Amino acid sequence: MERRDSHVLEEELERQKEFIQLVADRNDGKIPKYYLNTFGCQMNEHDSEKLAGMLSNMGYVETDDVDESDLIIYNTCCVREHAEQKVYGHLGSLKRLKEEKPELKIAICGCMMQQKEVVSHIEKTYRHVDLIFGTHNLHKFPELLYKSFDRDKMIIDVLYADGQIVENIPVKRKDNIKAWITVMYGCNNFCSYCIVPYVRGRERSREVKDIKEEVMMLGRQGFKEITLLGQNVNSYGKDLSVKVTFAELLYQLNEVPGIERIRFLTSHPKDLSDELIFAMRDLDKVCEHLHLPFQAGSTKVLKEMNRGYTKEEYLELVMKVKENIPGISLTTDIIVGFPGETDEDFEDTLDIIRKVRFDSAYTFLYSKRTGTPAAKSKNQVPDEVKKERFERLLTLQNSISREINETFLGKKVEILVEGISKTNDNIYTGRTRGNKIVNYKGSEDDIGKLKNVLIEEVKTWSLEGRLIKEC
Ligand code: 5AD
Ligand code: SF4
């Protein structure tokens, strides 16, 4: 059976184009403003670029001032409770603004909306919200916005079944040098702490040809770097009717003219194939940077997390990666205080950090997510214990990050210049292939180019250097 009917999806997108026009016509010469606040991961950031693309076609311009906006959108995340609480806080504070300005539209979308209990809570508690939609029907935004104009009642349109992949949604990217590209949606792993498989559905890969077309277009538009996104890119292609591996996709994208660097996120250790390691080694555009979350060091905790590998297997995998890809930069995600984590278990986490020596780590306090198996555990770790462990972990990782950065002193690195630094007019900023931030004195002309820089000073999070003049 055909996995999806592209003809129907094309028709649907055509329909949305009509709504885009209807909204644009309604503007009547005025230029409405939208305020868009995005929570969570790069996937959400990229979804927001699609919202921005649709809004731009509807004649809207962005503002960072809530008070002057005609439309407010929150693109939400539910991976941790803290992000959800923040959204509720923002929604609460908008009530007064909506009362003062009834024509203001408030929309809320993203992962939080894929939870039925969240939607009913918003429906009851935040009645000033105009529009709720989910991740699976993002492309319907123009239609829903249009319908909300003549309605006082809240519009709720969330698809709880896995959405089909809709290609060619307009995109307005934040950057014009680096671009995010989603290569697959959803996750099949069901790590016991994680809500993502429940809200983003099962793994669905985009066709190679669609991805390649998008990357070719980016190359023609002058983009230099792409980051391929998926919850577990190592599973890419397994669900396609013509099977293809992620490594094979990389080989194809490596050929695209104009693109200088290719990155990807996220790799699951249990699925990281030798083929992918060799592709990273052999392909000139694929950067020597691997984000490889280990989550916890103790094999007992890893088993309870349903991660599918032991501490030893993770360490062996890292060794293989380091042997095959010299100079590889490694980053990771770590959860502190998973239910039942003892002091001894936590020592295993520190042990992995000491042995692997990650360039940097994203560290999270375990957050209880209703509906996930770990949330039901009676062995929740007290907050003070979690926080104390978290601080120890941070101190250790920061000192390792700094020590690794110090090895760059006096060395020449190649950076892709991204733009001017936020703090100083003459200082420009770029990244190495290993994703390290480098600041140096440069000129506007450097932006989007590869430059060689001699590192003269290091900090925990960045390197400072001097441009090496090419002869
Ligand atoms: N609590 C804390 N961190 C979590 N993550 C996912 N679920 C949770 C949770 N319930 C972290 C994982 C994942 C990252 C994106 O978020 O480390 O890799
Ligand atoms: Fe969540 Fe695990 Fe899937 Fe990552 S691999 S999105 S942590 S379930």
Side-chain angles (χ1 to χ4, degrees), residues 38-46 76-86 110-112 114-115 118 135 162 180 182-205 227 229-236 238-239 246 264-272 290-298 301-309 314 330-341 346 349 352-353 358 360-377 379-381 383 385-387 389-390 393-394 397:
T38 309
F39 296 82
C41 64
Q42 285 90 345
M43 287 268 212
N44 256 19
E45 290 286 349
H46 187 41
T76 63
C77 166
C78 59
V79 170
R80 283 169 292 275
E81 193 187 354
H82 181 62
E84 288 198 345
Q85 292 309 337
K86 267 185 25 199
C111 293
M112 258 173 94
Q114 294 297 139
Q115 303 170 96
V118 168
T135 56
D162 289 2
W180 285 310
T182 305
V183 297
M184 62 185 299
Y185 298 84
C187 180
N188 290 357
N189 289 314
F190 290 94
C191 300
S192 63
Y193 50 81
C194 187
I195 194 86
V196 169
Y198 304 90
V199 297
R200 286 274 180 175
R202 296 295 68 72
E203 287 172 357
R204 298 165 324 274
S205 304
T227 301
L229 299 176
Q231 308 298 345
N232 176 17
V233 290
N234 309 123
S235 299
Y236 173 78
K238 287 182 185 159
D239 59 314
F246 185 60
F264 55 88
L265 285 171
T266 289
S267 293
H268 194 305
K270 79 174 165 55
D271 297 319
L272 186 80
L290 184 64
H291 185 64
L292 195 63
F294 76 90
Q295 312 294 3
S298 143
V301 173
L302 286 169
K303 189 152 190 285
E304 277 159 21
M305 285 180 160
N306 191 28
R307 289 292 291 174
Y309 52 88
Y314 184 84
L330 285 164
T331 55
T332 198
D333 290 348
I334 306 165
I335 297 177
V336 176
F338 180 81
E341 182 189 72
F346 180 64
T349 295
I352 290 205
I353 293 182
F358 295 98
S360 64
Y362 296 89
T363 47
F364 307 105
L365 291 168
Y366 168 73
S367 169
K368 219 165 141 181
R369 303 286 60 212
T370 310
T372 62
K376 294 189 198 94
S377 168
N379 273 333
Q380 300 294 329
V381 176
D383 279 352
V385 178
K386 277 193 217 171
K387 283 185 187 140
R389 288 180 190 159
F390 188 83
L393 188 147
L394 225 53
Q397 180 53 48

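Start at 1 and go down the list; that is how both ligands and their atoms are numbered. Only a predicted model underlies this, so the values are computations on that prediction, with no experimental measurement involved.
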Among all the protein's non-hydrogen atoms, which is closest to [atom], and how far away is it?
atom: atom 4 (Fe) of ligand 2; value: Q231 O, 4.5 Å
atom: atom 5 (S) of ligand 2; value: N189 ND2, 3.4 Å
atom: atom 1 (Fe) of ligand 2; value: C194 SG, 2.3 Å
atom: atom 6 (C) of ligand 1; value: V79 CG1, 3.3 Å
atom: atom 7 (S) of ligand 2; value: Y193 OH, 3.3 Å
atom: atom 7 (N) of ligand 1; value: Y193 CD1, 3.3 Å
atom: atom 5 (N) of ligand 1; value: R80 NH1, 3.5 Å
atom: atom 15 (C) of ligand 1; value: D333 OD2, 3.8 Å
atom: atom 3 (Fe) of ligand 2; value: C187 SG, 2.3 Å

Exercise. Going by atom types alone, do N306 and S192 pair a side-chain donor with an acceptor below 3.5 Å?
Worked result: no
Problem set entry | Distance-only donor-acceptor check, side chains N188 and K238, under 3.5 Å | no
Report the part of [X] in contact with ligand 1, treating N, CA, C, O as backbone and CB onward as side chain, heavy atoms under 4.0 Å; options are side chain, backbone, both, neither.
X: L365; value: backbone
X: F364; value: side chain
X: Q295; value: side chain
X: I335; value: side chain

Seminar exercise, completed: Atoms of ligand 1 under 4.0 Å from any heavy atom of Y366, numbered from 1 in the order shown, are 1 (N), 2 (C)
Problem set entry | Proximal ligand 1 atoms for R369, defined as those under 4.0 Å from one of its heavy atoms | 10 (N)
Keeping [X] on the side-chain end and [Y] on the backbone end, is there a donor-acceptor pair under 3.5 Å?
X: T76; Y: M112; value: yes
X: Q114; Y: T135; value: yes
X: N379; Y: P339; value: no
X: R202; Y: Y185; value: no

Could you pull out the closest heavy-atom pair between [X] and [Y], with the gap in Å?
X: T349; Y: E341; answer: OG1-OE2, 4.5 Å
X: L229; Y: H46; answer: CD1-CB, 4.2 Å
X: R369; Y: Y193; answer: CG-O, 3.8 Å
X: Q380; Y: A375; answer: NE2-O, 3.6 Å

Give the atoms of ligand 2, by number and element, whose distance to some non-hydrogen atom of [X] is under 4.0 Å.
X: F190; answer: 8 (S)
X: V196; answer: 6 (S)
X: P197; answer: 8 (S)
X: H268; answer: 5 (S)

Exercise. Hey, is atom 1 (Fe) of ligand 2 within less than 2.8 Å of some N/O/S atom on C191?
Worked result: no
Exercise. Can you say whether the rings of F264 and F246 are parallel (under 30°), tilted (30 to 60°) or perpendicular (over 60°)?
Worked result: perpendicular
For this session: Please verify whether a non-hydrogen atom of T372 lies at under 4.0 Å from ligand 1.
Result: no
Exercise. Ligand 2 versus R307, non-hydrogen atoms closer than 4.0 Å: side chain, backbone, both, neither?
Worked result: side chain
For this session: Could you tell me whether ligand 2 has any atom less than 4.0 Å away from a heavy atom of R200?
Result: no
For this session: May I ask you to check whether S367 has an N/O atom sitting below 3.5 Å from an N/O atom of ligand 1?
Result: yes
Exercise. Ring centroid separation for F358 and F294, is it under 6.0 angstrom?
Worked result: yes
Exercise. Taking the six-membered ring for Trp, are the ring centroids of F190 and Y198 within less than 6.0 Å of each other?
Worked result: yes
Seminar exercise, completed: Only residue of T331, L265, L272, T332 satisfying side chain to side chain contact (heavy atoms under 4.5 Å, CB included) with L290 is L272
